[in-house]
Amino acid sequence: MKYYEKTIAQALAMMDRGELSAVELTRSCLDRIDEIDQDIRAFITVDRDGALCQAEVADSKRKAGKAGKLCGIPLSIKDLLSTKGMRTTCGSKILADYIPPYDATVVSRLKMEDAVIIGKVSMDEFAMGSTSETCAFGVPRNPWKKGYVAGGSSGGSAASVAAYECLASLGSDTGGSIRQPASLCGVVGLKPTYGRVSRFGLTAFASSLDQVGPICRTVEDCALMMNVISGYDRLDSTSVRQEVPDYTASPTPGLKGVRVGVPREYFSAGLDSEVEAIVRNSVEVLKGKGAEIVDVSLPHTEYCVAVYYLIAPSEASSNLARYDGVHYGYRNLEADSLLEMYKRSRSEGFGAEVKRRILIGTYALSSGYYDAYYRKASQVRTLILNDFKKAFESCDLLISPVTPTAAWRMGENTDDPLAVYMSDILTISANLAGVPGMSVPGGVTAAGLPVGVQLQGAHFREEILLRAGFNLEQELRLTCGKADID
Ligand code: GLN
């Protein structure tokens, strides 16, 4: 087994025993990137020298008995989390040369625990999309099958972990962007409860929905990452002052006494039969581990796409107003008036999907339409939240598909935005309700594409997801990640 194939837990144990150094591990990932990233295209920026420097420091800290919790572990970071001194593009031309003067709280927490930040990875522009194809700097490929999308918007995160270019990654999830690419690339992705993880330094897309979370090759590794990134941050007023449990205590065998709800609306028309079979099989696995299976209903599921695609663009249209060519980012230098400069900077800097969202959001918030669209959507959002509250009266977690299909071919849906929006139907509701959601590999289709299973829990019940996910992982023993690139 190559060093880069190790899980975080394995690598930490080896380094603690003196069988592996952080420099060797980091070199192994950097070599891997050299070898395959021209095919995978996960990385926008690779910080070779910086990573090796951090690895050297990690080795000396370990020798001095001062190793942090992720000492020497090479990680990739979605390119919308601020990294001090390292370019952060958000996948957009408008931020092509932006170098943040500060670290996002999650990044500084990783650094404090001596993780090695190896580089920044590709994503849909401003996290708007489901395939990473709207990235202005190279579209990541699915490591499982040539010509297929890696998913999005954290496609670079999932592809880099699945292709063994790093041990884990941080992504962000506004409507499924951690869980969906994790599912399509056969790795584990966890979107924590809204407020569990600080959003300070996460470039805002839709502030009431955005959340940062880990993408890893095992459930245990997700727990290790969660222990480091979770918790209150005075720099993010929406982060919650609530004690952080030791998540590594959660992955335990057996599910006696756990009630697993199967939401009937998540198995409706449009669900691919192979995906359905994989999820149904996972239900049986959980049952075999002692869980009680209950039938539940989330009756407002059919409104989720409409509600999300009003609320998310509305918030985005406001958040993206800051890219005006004045403070930072791209500026058109030929305009001869201020208004012209605003117009040309934004028209030239943003891609088509981002412009579409700004237009939808501006329309939905405009006077005369606000009540009919934005206010109505907010009211229905409460009904969706209530669905979850009611469901969690009769079960501890929900099991469902992550996406209606496995990965599709690159370019397939690029001129049909509505078809892509519809594919988010199963992940969006967790963000609208603020509950945690996780994707765990459930199986592989006949065509050789991985399919994830989604687990959702009540607010701040990440532990039950990690426990159920671990049980699935143990039983299914799927290869997580893909070493042999097609
Ligand atoms: N696919 C969804 C969108 O395009 C979700 C994106 C996300 O979670 N960042 O908005």
Side-chain angles (χ1 to χ4, degrees), residues 77-81 90-92 121-135 139-140 149-158 169-185 189-192 194 197 199 202-215 304-317 319-320 350-361 364 377 381 402-405 407-408 412-414 416-439 452 454 456:
I77 306 283
K78 187 175 182 180
D79 210 18
L80 81 177
L81 284 160
C90 294
S92 181
V121 277
S122 179
M123 53 179 282
D124 280 298
E125 185 177 6
F126 285 101
M128 296 171 191
S130 305
T131 60
S132 303
E133 287 169 296
T134 69
C135 183
V139 177
V149 297
S153 65
S154 313
S157 290
S169 186
L170 281 187
S172 70
D173 191 312
T174 304
S177 280
I178 288 174
R179 292 160 285 158
Q180 187 258 27
S183 171
L184 303 191
C185 290
L190 173 63
K191 179 202 92 73
Y194 184 78
V197 176
R199 292 181 301 111
L202 163 69
T203 308
F205 163 11
S207 312
S208 77
L209 303 162
D210 299 339
Q211 190 59 195
V212 182
I215 294 183
C304 284
V305 173
V307 168
Y308 173 88
Y309 279 99
L310 283 167
I311 291 179
S314 297
E315 294 184 14
S317 71
N319 276 325
L320 271 59
F350 289 136
E353 183 60 29
V354 172
K355 286 179 193 159
R356 185 178 295 124
R357 307 275 179 124
I358 292 174
L359 289 174
I360 296 172
R381 182 178 186 176
V402 182
T403 49
T405 64
W408 54 91
E412 197 163 283
N413 282 328
T414 32
D416 188 355
L418 205 55
V420 181
Y421 296 173
M422 287 308 289
S423 74
D424 294 334
I425 186 160
L426 305 171
T427 46
I428 277 169
S429 46
N431 303 76
L432 291 168
V435 299
M438 187 174 185
S439 174
Q454 178 168 231
Q456 296 178 87

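As the structure lists them, so they are numbered: ligands from 1, and atoms in each ligand from 1. Residues: numbered from 1 along the sequence shown. Since the structure is predicted, the reported quantities are computational estimates derived from the model, not experimental observations.
Donor-acceptor pairing under 3.5 Å is recorded for the side chains of Ser208 and Glu315.
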For the pair Arg381 and Leu209, evaluate side-chain contact (heavy atoms from CB on, under 4.5 Å) and give the outcome as yes or no after the intermediate values. CA-CA 11 Å; Arg381 182 178 186 176; Leu209 303 162; 3.5 Å; yes

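Residue pairs meeting the salt bridge (charged side-chain N to carboxylate O under 4.0 Å, His left out) criterion with at least one partner in residues 169-181, sequence neighbours excluded, are Asp173-Arg179.
The salt bridge (charged side-chain N to carboxylate O under 4.0 Å, His left out) check on Asp79 picks up Lys120, with sequence neighbours excluded. For Thr403, there are no side-chain hydrogen bond (donor to acceptor under 3.5 Å, both in side chains) partners, not counting sequence neighbours.
Ring-plane geometry between Phe126 and Phe350 is classed as perpendicular, the angle between the planes exceeding 60 degrees on a 0 to 90 degree scale with a lower cut at 30.
The protein residues lying under 4.0 angstrom from ligand 1, judged by non-hydrogen atoms, are Ala127, Met128, Gly129, Ser130, Ser153, Asp173, Thr174, Gly175, Gly176, Ser177, Phe205, Tyr308, Tyr309, Arg357, Asp424.
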